[in-house]
Amino acid sequence: MESLLVLVGLIVLAIPVAIIVLLVGHTRLRRRVEQLEQQLRALGGDVTKARPVSAQSEPRKPTEEPDKTPKPAPWSKPQTSEPASEQYPPAAVVFREDRLSALTVWLRENWFYAVSALSLALAGIFLVQYGVENGLLPPSARVIAALLFGAAMIVAGEVIRRRYGDEETSATAYLPSVFSGAGLVTLFGGILAARQLYDLIGPEAALAAMVVIAVLGLVLGWFHGPLLAAVGLIGAFSAPFVVGGTSEDPSWLYAYFFVIAVLGLGIDTVRRWAWISVLTLFGAYTTCLLLVLSSPLTEPAYLICVTALAVIAIAIPVRRLWPDHGGAMISQIIGRKKGDAWPEFPTRIGFAAVAVSSAILSVHWADSSAEFWLGVALLAGLTLGLMLWGRRAEALQDATALPAIGLVWFVLVHGWDNSVVLRQFADTYAETAEADYPWVITILIILGAVISVTATWRSIQARRFAAVWAGAAAVFAPALAIALEIGWHPANVIGAYPWALHGIALGVLMVVFAERFARVDGDQRMRASLATLSALSCLTFACVIVLSSAALTIALVVMVVVAAALDRKFTLPPMSWFIWVGVFTVTVRLVLNPGLDWASTAPVTEMALVYSAATVGFLIGWLLIRPLDRPVATLLLESAAWATGGILLSLLLERWLQSFGEGNATNSHWGLGLLAIIWLLLAFAQVQRFELGGKLNYARYLLAAFFAGHGLFRMAQALADANPLLSTVAPPVLGPPVLNTLAVAYLLPALAIGFSVWRIYATPLWLKRASWGLSGLLAAVWLGLMIRHVWQGAGGMYEGNGVTQPELYTYTMALLVIGAALFYQSLARRSDLMRKAGLAVIGLAVAKVFLIDIAGLGGLIRVFSLLALGLALAGLAWLNRWAKLRHSPQGADPLDH
C-alpha cells in the first residue's frame, strides 16, 4: 500500500513536468514550422494558399517594428536613458501600485509557471524526505538522488535558455528560470536533509556545500531573469521548514540564511531589480525570527545574524568594501521640497536594515550576563562601524543614530526591569564589603566615551553636518550616564563620590573636545559651544549626585552664571540654551521640588541662602549677557530675577510672621496673601516672556494661566475663608494699625500686581486693565479693613460686631479723598477713564451719605458728614472750573448761556 501511495504521489508530481515538456515540444514544433515558411517564401512559394495565417502568426522581418509591444512582467527593467545595470529605479518606492497591479496581471496570466516551480521544488525536497520510505534506498542514496534531481533541473533550464532563450517575447520565457530555480531549491533541500534529517555531514561541510550552491545560484541569477531569483530565494528560505527534522543546536541555520541573503543581494547588485533585494532581506529577517522563536536557545546566534544582515545590506548593493552611499539622507525627506531628489535605493535599503537590526538588538531581553554584553557589543559595534567603516557613506550618516539610541535604551531598560546583570551589580557587596570593584558601570561609561570620541573625529573630518556630529559627541556619553543613573542607581552600590567621578571624567573629556573644536574652528564656535554645554551638564550631573538639596540648587545657579560668563568672554551663543534649561530647572526646584514646602520648614538661614543665591545669580547672569544680542536669555534671566526676588521677600515675611505662632501659610489671611503673591509673580514672569514669541508661547500661555489661577485661588481664600471680617474662626490680625497683617494679605498683593503691570511693557491691554482693576479692588479691601481695625481693634473685626459712628464717618471721608484724588489726576493727565472713576467714587460717597450716614449718624458727626460732603463737592466744582479756564482756549460758559 505504501509503495502504491508513493507511486501515485510521483505521478501527481510528474504532471507539471509533463506539461512543461509538452510546452517545450510545442514551441520547438512551432519554430520549425516558421522556419519552413520562411524557406518557402525564399523559394517564391505562397504560404497563404497553403493555409490561412493570422496577422499575429506571420513572421516579422528583423527591420519591422512589432505591431504590439509585449506586455512587460512586473519585474521588468526600468526604462531609463542609462543602462539598466548601472542604475536602480529612480522612484522612491519599490513596491508601487503600478508594480503590484502588474504582478497581479502577470500571475493571472502566467500562474502555471509559479505552480510549476513550486511543484518541482517540492518534488525534489519530498524525494529526499519521503522517497522510498520502505527502506529500499538508504538515506545517503536519497540525498544523492535529490542532488542529482536538482542538478538535472538546472541543466535542463540552462539547455532551454541557451537554445530557445528566456526573453519575454519568446515562447520559452520563464521556463529556464522555473527549472533552474527549482533545481537550486532542491540542492539546498538535499544538503539540509543530509545535515538536519540524517546527520550525514557536519555543519561545517553543510555550510561549505551551501556556499558552493549559493555561488552557483549567483552565477545563474546574473544570466536568468528575476523569476529564478524569486523562486530560488523563496524556496531556499522555506526549505529548512519544509524539510523539518530535529537538531540539538540549529544555530548553523543562521549561517545558511545569511548565505541565502548574500545570494539574493549579490544577484540584485548586478541586475538592479531592487525588489529582489527587498524580498531577500524580508525573507532573511522573517526566517531568522521564526527560527529563534522555535529555538530560543539560539538567541546569541540570532543577534549576530541580524547584525550581519545590516552590514551586507549596506555593502553589497553598492558593491564596495568601504560603502560610499551618496545623495540625500533619509532624514532629509522631512524637509524635502518638490523637485528635490529622493534618497537612492541603496541608501533606503541600508537604512531600513540598520533600523530593523537596531530595533531587534535594543528590545532583546538578555537572559544571561553573556547575552547582555553581546547585545551591548553588537549595538556599539554597529554604531562605531557606521562611523568608521561607513565614513564615506554620507547618505547613511543619520543611520548612525539608530544603534546609538538603541544602545542607550538597551542599557536603560535592563536597569528598569532588574536584569541579571543589574542584580549581580547590586549584590556586589551584599555578602562581603571586601568584594572586588564592579566594573560594569565603568566599562559602559568608557564605551560611551569611545563612541563620543569617534563622533568628535567624524565631526572634525566631516564636510557636511559637522555641527551635528559635534552635538552627537557632546550628547551620547552623558546620555548613557543619565540612563545608568535612572535605571541602575550606581551610587547605591559604589557610593555617591565614585559615581560622581564618572560624571566629572566625562566633563573633563568634553572640555578636551571644546579645546579641539576651538582650535580647529577659530571664530566659528558652534561646536566648541556644544562641547562646553556638555561639560557644564556633566558637572551639573556630578553635583546632583553628591550635593544636598540646597547645595544642588546653588550649584545649578552657579552653572547658569558660568554659562553667561563664558558667553560674555568667548561669544558662545548656544550658551543661551543652557541658560534656558538652567533657569527652568532652578525655578522648578525653588517652586515645586523641593519647592515651597521645603522653604516653609527648612532653617531660615538655609532657605534665605538658597533663594537669595538664585536671585543674585540670575541678576549677575543678566548683567553679564545684557550687552550681548541674547534677547531670549536676557529676558529669561530678568524675569526670573524679579520673580525669585519677590518670592524671597514673601518667604522671609511669612517665616517672620510664623514666629508669632498665630496662623500659617495655609489658614491665615496673611499666609494666603503671601502665597498668592508668589504664584502671581510666577505668572507675570511668564507674561514678560510673551514678547519672545514662537511656538513656545503656547506653553507660556498655559503656565501663566496655571500660575495665575493658583494665585487667584489663594487670594480668593484670603478674601473669603480667612477674612477676619467674615469669619469668627479666622486667625486674628497681627500688628499695630496700618502696619499689620492686613497690609500683608491685601495691600502687598495689590502693589505686586500693580508694579508687575507697570514694569512689563508687553502686557496685553486686556490683561493690563484686568490687573489694574484687581489691584484697585485689593487696595480698597485693605483700606476698608484697615479703617475697621483702627476703630474696632483685632478683636472687633467680625462684621457681626456692628459699625461705630466714627468708623462710618471715616469710610465717607476716605471715599471723598479717593474720589477727589482721582478727579484731580484725571484733570492733570486729561484722562477720561480716571475722571469717570473719580466721579463713580464721589457718587458712591454721596449715596453713602444720604442713604446710610443720615440714618446711622447722630449729633455733630451727622453735621460734619454733610458739611464735609458739601465742601468737598464745592471744592471739586471749583477745581473743575479752574482746570477748564487753565487748559481751554476759550472762557468758561456763563450760567445763563
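Residue indices begin at 1 and follow the sequence shown.
Here the OG-CG distance, from Ser294 to Leu290, works out to 7.5 Å after rounding to the nearest 0.5 Å. Here the CZ-CD1 distance, from Arg527 to Ile460, works out to 6.5 Å after rounding to the nearest 0.5 Å. Going from atom SG of Cys288 over to atom CG of Leu293 covers 11.0 Å, rounded to the nearest 0.5 Å. Distance check, rounded to the nearest 0.5 Å: OG1 of Thr400 to CZ of Arg458 gives 6.5 Å. Here the straight-line distance linking atom CG of Leu447 with atom CD1 of Ile451 works out to 4.5 Å at 0.5 Å rounding. Annotation: the span from His502 atom NE2 to Leu480 atom CG amounts to 11.5 Å, rounded to 0.5 Å.
The backbone N or O of Ser277 lies less than 3.5 Å from a partner atom in the side chain of Asp268, making a donor-acceptor pair. Judged by distance alone, with hydrogens and angles left aside, the side-chain atoms of Ser362 form a donor-acceptor pair with the main-chain N or O of Ala359 at under 3.5 Å. Counting only distance, with no hydrogens or angles, the side chain of Thr269 and the backbone of Leu265 share no donor-acceptor pair below 3.5 Å. Remark: side-chain polar atoms of Ser459 are paired, donor with acceptor, to backbone N or O of Ala466 under 3.5 angstrom. At distances below 3.5 Å, at least one donor-acceptor pair connects side-chain atoms of Trp389 with backbone N or O atoms of Leu321. A donor-acceptor contact shorter than 3.5 Å is absent between the side chain of Gln524 and the backbone of Asp521. Of the possible polar contacts, one joining the Ser452 side chain to the Ala477 backbone as a donor-acceptor pair under 3.5 Å is found. Side-chain atoms of His364 do not come within 3.5 Å of backbone N or O of Ile360 as any donor-acceptor pair. A distance-only check finds a donor-acceptor pair linking the side chain of Asp398 to the backbone of Ser331 [under 3.5 Å].
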For residues 405-414, dump all side-chain donor-acceptor pairs below 3.5 Å to protein atoms at least two apart in sequence or in another chain.
from: His414; atom 1: ND1; to: Phe410; atom 2: O; distance (Å): 2.9
from: His414; atom 1: NE2; to: Ala366; atom 2: N; distance (Å): 3.2

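Counting only N and O atoms by type, the side chains of Ser295 and Tyr302 include no donor and acceptor under 3.5 Å apart. Side-chain contact, Thr456 with Arg516: no donor N or O sits under 3.5 Å from an acceptor N or O.
At a threshold of 4.5 Å between non-hydrogen side-chain atoms, the residues Trp580 and Ser576 do not count as touching. Looking only at side-chain heavy atoms (C-beta outward), Arg525 and Thr532 stay at 4.5 Å or farther from each other. The side-chain heavy atoms of Ile260 and Thr287, taken from C-beta on, include no pair separated by under 4.5 Å. Met329 has its side chain out of reach of Pro343: every pair of non-hydrogen atoms, C-beta onward, lies at least 4.5 Å apart. The shortest side-chain heavy-atom distance between Ser537 and Phe578 falls under the 4.5 Å cut-off. The shortest side-chain heavy-atom distance between Pro323 and Arg392 does not fall under the 4.5 Å cut-off. Side-chain contact between Pro346 and Val318 is present, with heavy atoms from C-beta onward closer than 4.5 Å. The closest side-chain heavy-atom distance from Ser529 to Phe517 is not below 4.5 Å.
Considering all non-hydrogen atoms of both residues, Leu386 and Pro403 come closest at CD1-CG, 4.0 Å. Closest approach of Leu281 and Ala353 over heavy atoms only: CD1-CB, 4.3 Å. The minimum heavy-atom distance between Leu506 and Ala481, with the atom names listed, is CD1-CB, 4.0 Å. In terms of heavy atoms, Ala328 sits closest to Thr347 at O-CG2, 3.9 Å. Here the closest heavy-atom approach between residue Met510 and residue Ala473 is recorded as CE-O, 3.5 Å. Summarising the geometry of Leu303 relative to Val306, their closest heavy-atom pair is O-CG2, 3.2 Å, with the distance given to 0.1 Å.
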Taking it one step at a time, do His325 and Glu394 satisfy side chain to side chain contact (heavy atoms under 4.5 Å, CB included)? CA-CA 6 Å; His325 298 65; Glu394 294 188 356; over 6 Å; no
Candidate pair Val581 and Trp577, rule side chain to side chain contact (heavy atoms under 4.5 Å, CB included), full reasoning: CA-CA 6 Å; Val581 175; Trp577 305 343; 5.6 Å; no
Stepwise side chain to side chain contact (heavy atoms under 4.5 Å, CB included) check, Phe351 with Ile314: CA-CA 8 Å; Phe351 185 93; Ile314 294 173; over 6 Å; no
Taking it one step at a time, do Thr286 and Phe282 satisfy side chain to side chain contact (heavy atoms under 4.5 Å, CB included)? CA-CA 6 Å; Thr286 303; Phe282 176 79; 3.8 Å; yes
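Relative to the ring axis of Trp342, Arg348 does not place its NZ or CZ within 45° and under 6.0 Å from the centre.
For the ring-ring contact (aromatic ring centres under 6.0 Å, His included) condition, no pair includes a residue of residues 452-477, sequence neighbours left out.
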